[in-house]
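Only one structure is covered here, and it is reproduced in the block below.
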Amino acid sequence: MAAPESDSKFISSLDPYHVSEEFGFILPDPLDKLPAYYQPWMDIALRFPELIDSHDLRSHVNKMPLLSSRFLKNHHELRLAHLVLCIMTAGYIWQEGEDDPVEMLPCNLAIPFWEVSQCLGLPPIVTYTDGVLTNWRKKNPEGPLTIENLEQLFKFPGGDSARGFFTVSLLVELVAAPALQNIPTVINGVRSGDTEAVIRGLEVISQSIQDMTDRLNLMHAHVEPSVFYGTLRVVLSGWRDNPCMPNGLIYEGVQTEPMYYSGGNAAESSLLHCFDELLGVKHEGHGGAFLTRMRSYMLPPHRKLIEDISLQPSLKTFVQQQANEELNQAFTQCVTKLLTFRNQHINIASRFVIIPASRAKRTPAHNKGQLISKTPVQSKELGTGGSNFMTFLKTVRNETKQTALPITSEKMN
């Protein structure tokens with residue numbers, strides 16, 4: 001099983017992929033200010049919830065000067081600019097909720113948003129990279145990375161529930177950092193035939209996935225389902241596969257034809273893509289195509305890591321070829337933990353979207369003050385990414401289950 005010595009090493013560090021040892025895919029030390037030239041952007045983004053509530057965000061954007069992106073000098077400034085511009089875009093489109101989205105983004109917002117997006121390799125829409133990986137800071141800079149000491153640089157509509165949603169998602173990413181750091185350990189162990197190294201790496205990854213599930217469970221305590229469904233879900237929605245915006249969005253000054261982009265969603269997180277490629281989880285059909293498309297909503301270095309993991313020798317094959325019960329157990333434990341995480345995600349999706357959607361259909365009058373349509377339609381059971389996501393999540397879960405080794409399949413049922 002050992003590869004030739006010259007080819008035996010995958011990588012020793014994830015730094016080239018912009019993956020931090022402490023923070024994983026999260027942007028360390030994000031900026032909270034842009035150069036003074038961009039203050040008109042900051043002034044609007046910092047008032048996002050307030051301007052949505054007063055229905056004044058569009059009028060503020062319409063008065064905003066067209067600013068050039070050429071004064072953004074580094075990656076951190078570009079990340080902050082993308083966050084600020086995507087916030088304004090989401091507010092501009094969905095200010096009046098699902099009943100009255102606009103179909104053209106004005107050039108003073110569309111052109112710089114397009115330019116910044118091109119520089120970063122991200123689409124011009126709110127992404128998971130913006131809402132979770134970039135939009136954070138500690139309340140007390142000297143304090144711990146806990147839910148009590150974390151907040152967003154820019155608040156989203158939805159009050160404490162919006163803060164809880166993004167902060168819990170951030171914590172899920174944080175506790176995955178040890179797993180990411182051990183992916184090279186596992187791959188290099190497979191390449192060199194070092195069974196003990198593979199076992200050690202898989203044990204760390206398994207614990208991290210368990211920690212991710214524990215943090216994900218905090219959604220129940222920190223997010224009110226009706227607020228997520230009625231407000232935050234709408235703001236995070238996109239203009240692809242969305243019946244509220246069947247004609248997509250025209251980015252004025254960029255091109256005359258409409259563009260179609262999915263809204264921010266968890267499938268844009270690079271974490272599970274990495275685990276799937278490492279463990280050999282295969283996603284087929286529409287779900288597999290959707291997951292592949294979501295990789296274009298990630299930063300290019302993160303996307304490259306997923307692709308590079310996929311090109312490595314098969315971990316599952318390596319495990320099957322070894323007569324090592326401890327290795328079998330370590331691999332099975334990882335698959336089991338990943339399955340548990342995905343089952344929990346399904347439970348949250350049901351509580352935060354399917355159940356509120358059903359209630360909204362029965363009692364639309366209770367939607368006052370929220371952004372959902374006054375005439376609920378089937379689209380309300382779609383995820384922010386535009387997918388029929390309960391079917392998608394269950395398919396992904398079942399495909400994870402199929403990855404179990406034959407000798408352990410009975411235990412996985």
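We use all heavy atoms of the structure for the numbers below, so side chains are in, but hydrogens, waters and symmetry mates are not. We're numbering straight along the sequence, starting at 1.
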request  = Identify, with sequence neighbours excluded, every residue that meets ring pair (Phe, Tyr, Trp, His ring centres under 6.0 Å) alongside F154.
outcome  = none

query = Do N182 side-chain atoms and T185 backbone N/O form a donor-acceptor pair below 3.5 Å?
reply = no

key: Which residues share a ring pair (Phe, Tyr, Trp, His ring centres under 6.0 Å) with W41, sequence neighbours left out   = Y38

ask   = If you take all heavy atoms of N242 and S237, which pair is closest and at what distance?
value = ND2-CB, 4.0 Å

Anything under 3.5 Å between a donor and an acceptor, one on a side chain of residues 17-33, the other on a protein residue two or more places apart or in another chain? List them.
{"residue": "Y17", "atom": "OH", "partner": "D308", "partner atom": "OD2", "Å": "2.5"}
{"residue": "S20", "atom": "OG", "partner": "E22", "partner atom": "N", "Å": "3.2"}
{"residue": "S20", "atom": "OG", "partner": "F23", "partner atom": "N", "Å": "3.0"}

ask   = Under 3.5 Å, side chain of Q322 to main-chain N/O of N324, donor-acceptor pair present?
value = no

request  = Would you tell me whether E96 and H55 have side-chain atoms, one donor and one acceptor, within less than 3.5 Å of each other?
outcome  = yes

Do any side-chain atoms of residues 212-220 form donor-acceptor pairs under 3.5 angstrom with protein atoms, and if so which ones, sequence neighbours left out?
{"residue": "T213", "atom": "OG1", "partner": "I209", "partner atom": "O", "Å": "3.2"}
{"residue": "D214", "atom": "OD1", "partner": "Q210", "partner atom": "NE2", "Å": "3.0"}
{"residue": "N217", "atom": "OD1", "partner": "Q344", "partner atom": "NE2", "Å": "2.6"}
{"residue": "N217", "atom": "ND2", "partner": "T213", "partner atom": "O", "Å": "3.4"}
{"residue": "H220", "atom": "ND1", "partner": "R351", "partner atom": "NH1", "Å": "3.0"}
{"residue": "H220", "atom": "NE2", "partner": "Q344", "partner atom": "NE2", "Å": "3.0"}

note = Residues at least two apart in sequence or cross-chain that pass side-chain hydrogen bond (donor to acceptor under 3.5 Å, both in side chains) with D15, listed by chain then number, are S13

message = Looking at Y37 and S68, would you say the former's side chain and the latter's main chain have a donor-acceptor pair under 3.5 Å?
response = yes

key: Pairs satisfying side-chain hydrogen bond (donor to acceptor under 3.5 Å, both in side chains), at least one member in residues 278-288, at least two apart   = D276-H283, H283-E399

Show me the donor-acceptor pairs within less than 3.5 Å that the side chains of residues 102-115 make with the rest of the protein, sequence neighbours left out.
{"residue": "N108", "atom": "ND2", "partner": "V61", "partner atom": "O", "Å": "2.7"}
{"residue": "N108", "atom": "ND2", "partner": "M64", "partner atom": "O", "Å": "2.7"}
{"residue": "E115", "atom": "OE1", "partner": "S69", "partner atom": "OG", "Å": "2.7"}

message = Between I147 and L170, is there a side-chain heavy-atom distance shorter than 4.5 Å?
response = no

inquiry  = Closer than 3.5 angstrom, by distance alone: can the side chain of S206 be matched with the main-chain N or O of E203 as a donor-acceptor pair?
reply    = no

key: Interatomic distance, E257 atom CD to N247 atom CG [nearest 0.5 angstrom]   = 11.5 Å

key: R47: salt bridge (charged side-chain N to carboxylate O under 4.0 Å, His left out) partners, not counting sequence neighbours   = E50

request  = Identify the residue among F228, F156, Y128 that makes a ring pair (Phe, Tyr, Trp, His ring centres under 6.0 Å) with F165.
outcome  = F228

remark   = To the nearest 0.5 Å, atom CG of L305 lies from atom CD1 of I183 at 6.5 Å

request  = Consider only side-chain N and O atoms of E224 and Y229, and report whether a donor and an acceptor are under 3.5 Å apart.
outcome  = no

Test: R233 and E98 ion pair at under 4.0 Å = yes

task = Would you check if E173 and V132 make a side-chain contact, meaning some heavy-atom pair closer than 4.5 Å?
result = yes

Residues E277, R295: salt bridge by 4.0 Å N-O rule = yes

query = If you round to the nearest 0.5 Å, how far is NE2 of H302 from SG of C274?
reply = 9.0 Å

query = If only atom types and distance count, is the side chain of T134 paired as donor or acceptor with the main-chain N or O of T129 below 3.5 Å?
reply = yes

inquiry  = Please enumerate all residues that pass side-chain hydrogen bond (donor to acceptor under 3.5 Å, both in side chains) together with Q118, with sequence neighbours excluded.
reply    = none

ask   = So, does T395 use its side chain to make a donor-acceptor pair with the main chain of T391 at under 3.5 Å?
value = yes

Flag for R359-S226: side-chain donor and acceptor within less than 3.5 Å = no

inquiry  = Is it the case that the side chain of S296 and the backbone of R293 share a donor-acceptor pair, with hydrogens and angles ignored and the cut-off at 3.5 Å?
reply    = yes

ask   = Just wondering, do D130 and N135 contact through their side chains at under 4.5 Å, heavy atoms?
value = no

ask   = Could you give all pairs that pass the side-chain hydrogen bond (donor to acceptor under 3.5 Å, both in side chains) test and reach residues 156-171, with sequence neighbours left out?
value = Q152-T167

request  = Please name the pair of heavy atoms, one in I11 and one in N188, separated by the smallest distance, quoted to 0.1 Å.
outcome  = O-ND2, 2.9 Å

message = My understanding is that only one of V204, I205, L315 makes a side-chain contact (heavy atoms from CB on, under 4.5 Å) with C334; could you say which?
response = I205

ask   = Side-chain contact, heavy-atom cut-off 4.5 Å: Q329 with Q333?
value = no

inquiry  = Under a plain distance cut-off of 3.5 Å, with no hydrogens placed, do Q207 and D211 share a side-chain donor-acceptor pair?
reply    = yes

request  = For the pair Q312 and V190, evaluate side-chain contact (heavy atoms from CB on, under 4.5 Å) and give the outcome as yes or no after the intermediate values.
outcome  = CA-CA 9 Å; Q312 301 310 306; V190 170; over 6 Å; no

query = Do the non-hydrogen side-chain atoms of L393 and R342 ever get within less than 4.5 Å of each other?
reply = no

request  = Determine whether more than 12 heavy atoms belonging to other residues, nucleotides or ligands lie under 6.0 Å from atom NZ of K394.
outcome  = no

ask   = Which residues pass the side-chain hydrogen bond (donor to acceptor under 3.5 Å, both in side chains) test with D100, sequence neighbours left out?
value = none

request  = Give the C-alpha distance, both sets of side-chain angles, the deciding distance and a yes or no for side-chain contact (heavy atoms from CB on, under 4.5 Å) between L150 and F166.
outcome  = CA-CA 10 Å; L150 290 167; F166 288 117; over 6 Å; no

task = Kindly give the heavy-atom pair with the smallest separation between G238 and W94, and that separation in Å.
result = O-CZ2, 3.8 Å

task = Could you tell me whether a side-chain N or O of R58 sits under 3.5 Å from a main-chain N or O of Y92, the two making a donor and an acceptor?
result = yes

ask   = Are T127 and C86 side-chain neighbours, meaning at least one heavy-atom pair lies under 4.5 Å?
value = no

ask   = Hey, what's the ring geometry for Y251 with Y261, parallel, tilted or perpendicular (30° and 60° as the breaks)?
value = perpendicular

request  = Kindly determine whether R303 and S270 satisfy side-chain contact (heavy atoms from CB on, under 4.5 Å), including the steps that lead there.
outcome  = CA-CA 7 Å; R303 191 187 317 152; S270 301; over 6 Å; no

request  = Report yes if some heavy atom in the side chain of V116 is under 4.5 Å from a heavy atom in the side chain of L122; otherwise report no.
outcome  = no

inquiry  = Check whether T332 reaches the backbone of N328 with its side chain - one donor and one acceptor, N or O, closer than 3.5 Å.
reply    = yes

request  = Show your reasoning for whether side-chain contact (heavy atoms from CB on, under 4.5 Å) applies to V319 and K316.
outcome  = CA-CA 5 Å; V319 173; K316 184 175 180 180; 5.7 Å; no

request  = Please check if the side chain of H60 supplies one atom and the backbone of D56 the other of a donor-acceptor pair under 3.5 Å.
outcome  = yes

key: Non-neighbouring partners of S117 that pass side-chain hydrogen bond (donor to acceptor under 3.5 Å, both in side chains), sequence neighbours left out   = H82

key: Gap between atom NZ of K337 and atom CG of L279 - 0.5 Å precision   = 13.5 Å

inquiry  = Is the shortest side-chain heavy-atom distance between V198 and F331 below 4.5 Å?
reply    = no

